[in-house]
Amino acid sequence: MSKFDDQSWDRDCYETGSTRPPKDHTGLVAILLVLVLAWLGYSTAVGNFGSDREDTRETTAPTLSAVAETEPRTAAYDSLTPETKAAAPDSLLSDYRMEIAASPASVPNVPQEGGLSLQEIYRQTIDSVVSITTQGNDGSATGTGVILSSDGYIVTNCHVVEDGLTFAVLLSDSRSFDAALVGMDRVSDLAVLKIEASGLQSAQFGDSSSLQVGDSVVAIGDPLGIRFRGTMTDGIVSAINRDVTVDGRTMTLIQTNAALNSGNSGGPLLNCYGQVVGINTMKISNSVSAATVEGLGFAIPSVTVREIVQQLISQGYVSGRPSLGFSCENVSSFYQLYYHLPAGVFVTELLEGSPAAEAGLRESDILLYFDGERIRSTDDLTSLLYVHEAGDLVEVVVYRKSGQVTLTICLEEATG
């Protein structure tokens with residue numbers, strides 16, 4: 001007898017699986033196939049009967065709306081099996097047809113009750129908005145401005161003009177004028193230009209202190225330069241009294257989601273009545289958590305603009321602003337490593353006769369401490385400087401070849 005005789009199959013499994021020979025199920029499969037075919041035939045007959053009844057109800061019922069009319073048919077159709085759907089009568093399919101009605105002509109878009117439409121705001125204010133081109137040693141830059149008076153005073157941002165040698169103003173009617181810088185204030189980021197013209201349309205300024213979150217606003221300006229001058233974008237007041245720190249200066253601003261881009265600086269933020277309630281100054285455009293920031297623009301409130309502009313026009317500067325009396329820049333990482341210098345603020349130019357010079361400060365000194373606080377950049381110095389007023393005494397610690405030196409400086413008044 002073979003080692004694997006008939007008795008050896010009595011074992012149900014062998015190591016990795018069953019070793020029992022398969023049985024013949026041909027008869028069972030045939031029976032099941034017959035039953036399935038019979039069930040399909042019965043389902044088809046019932047489905048057709050049900051659909052005929054549904055269709056009868058639809059034809060005898062009162063007329064309904066398009067949505068109500070198609071719901072029973074759609075439900076009946078979805079209840080069918082895949083096999084019977086192919087043979088379903090057309091009465092089970094939705095007879096809905098989407099129609100496109102003729103659209104009316106453009107209509108006024110009134111953002112708030114009692115306000116102007118967006119079209120009216122633009123028509124009434126565009127002639128008060130100007131394009132500004134600043135030419136400096138490092139090239140040219142563009143920005144936007146707002147006409148303050150019919151005789152040619154124009155407000156814009158300080159950062160639009162501060163590095164310029166010459167300035168050109170382009171009006172909405174395409175007339176161009178050379179402009180003179182009347183005064184600028186880095187703390188508020190405002191400046192005033194003057195062109196020799198008359199009969200200009202001055203902007204109407206509104207009270208920014210009455211703004212509420214959710215108020216409709218629009219911005220007009222030159223995003224990305226003169227090529228797109230006169231662009232208007234709309235939005236709302238997203239926040240009020242928002243403190244934003246830039247280059248060491250903290251400003252209290254209006255936040256808006258109206259689109260602002262490079263070139264909008266100095267342009268108007270307008271309420272729904274066409275009044276200037278702010279001067280656009282910046283947007284947040286960096287990336288946070290790998291997502292580009294959008295809809296975060298900021299404008300200087302009109303109440304701040306009034307206070308600063310009046311002083312700039314009357315005297316060319318804002319009273320009480322403190323000044324150190326010297327120019328400076330950051331000590332770069334390269335110089336820190338190569339020359340073994342400390343992080344701080346490097347004095348590049350010292351004004352002769354300034355309080356800092358009289359206190360013993362020298363060019364090439366590196367400021368390490370200001371009023372007891374460690375400073376590592378010009379932003380640090382600026383933020384500490386502007387909490388003081390002209391006439392305050394501050395103690396500074398500087399680094400020079402001979403070692404660290406402590407000086408006491410009387411802050412003078414900045415005059416431009």
Can you name the closest pair of heavy atoms from [X] and [Y] and give their distance?
X    : Y    : answer
P322 : A390 : CB-N, 4.1 Å
V187 : Y386 : CG2-CE2, 3.2 Å
Q404 : L368 : NE2-CD1, 3.7 Å
T348 : C328 : OG1-N, 3.6 Å
V331 : Q336 : O-NE2, 2.9 Å
L118 : M232 : O-CE, 3.6 Å

pair [X]-[Y]: side-chain heavy atoms closer than 4.5 Å:
X    : Y    : answer
S323 : E412 : yes
T142 : I132 : no
T156 : L190 : no
V160 : T134 : yes
V129 : T144 : yes
T406 : V396 : no
I220 : T231 : no
R249 : T382 : yes

Please determine whether the number of non-hydrogen atoms from other residues, nucleotides or ligands lying under 6.0 Å from atom [atom1] of [X] exceeds 12.
X    : atom1 : result
R306 : CZ    : no
E413 : CD    : yes
F177 : CZ    : yes
R362 : CZ    : no
D173 : CG    : yes

- Item | Stepwise side-chain contact (heavy atoms from CB on, under 4.5 Å) test for E389 and R321 | CA-CA 6 Å; E389 296 180 353; R321 300 288 195 223; over 6 Å; no
Indicate whether the side chain of [X] and that of [Y] have a donor and an acceptor atom separated by less than 3.5 Å.
X    : Y    : answer
S319 : Q315 : yes
S188 : D185 : yes
H159 : D247 : no
T245 : T250 : yes
T252 : N241 : no
D151 : S198 : no
D379 : S377 : no
R229 : S174 : yes

Any donor-acceptor pair under 3.5 Å from [X] side chain to [Y] backbone:
X    : Y    : answer
N271 : Y273 : yes
E120 : S117 : yes
N157 : G266 : yes
Q255 : G297 : no
Y122 : G230 : yes
D189 : C158 : yes
N261 : L224 : no
E363 : L350 : yes
S302 : S208 : yes
S128 : Q201 : yes

Rounded to the nearest 0.5 Å, how far does [atom2] of [Y] lie from [atom1] of [X]?
X    : Y    : atom1 : atom2 : result
L385 : L411 : CG    : CG    : 6.0 Å
E349 : S364 : CD    : OG    : 12.0 Å
T281 : F298 : OG1   : CZ    : 10.5 Å
L361 : F326 : CG    : CZ    : 5.5 Å
Q275 : F205 : CD    : CZ    : 11.0 Å
L312 : E307 : CG    : CD    : 10.5 Å

Of [options], which meets side chain to side chain contact (heavy atoms under 4.5 Å, CB included) against [X]?
X    : options                : result
N257 : I236, V237, L296, T233 : I236
P268 : V217, V276, V218       : V276
L269 : I300, N264, L260, T256 : T256

- Item | side-chain contact (heavy atoms from CB on, under 4.5 Å) assessment of V277 paired with D207 | CA-CA 6 Å; V277 291; D207 186 0; over 6 Å; no
- Query: Between R186 and E162, is there a side-chain N and carboxylate O pair less than 4.0 Å apart?
  - Reply: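 Salt bridge between R186 and E162, a charged N being under 4.0 Å from a carboxylate O: yes.
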- Would T378 and D380 satisfy side-chain contact (heavy atoms from CB on, under 4.5 Å), going step by step from the backbone distance to the final call? CA-CA 5 Å; T378 55; D380 293 342; over 6 Å; no
- Run the side-chain contact (heavy atoms from CB on, under 4.5 Å) check on I226 and T133 step by step: do they pass? CA-CA 9 Å; I226 293 178; T133 301; 3.4 Å; yes
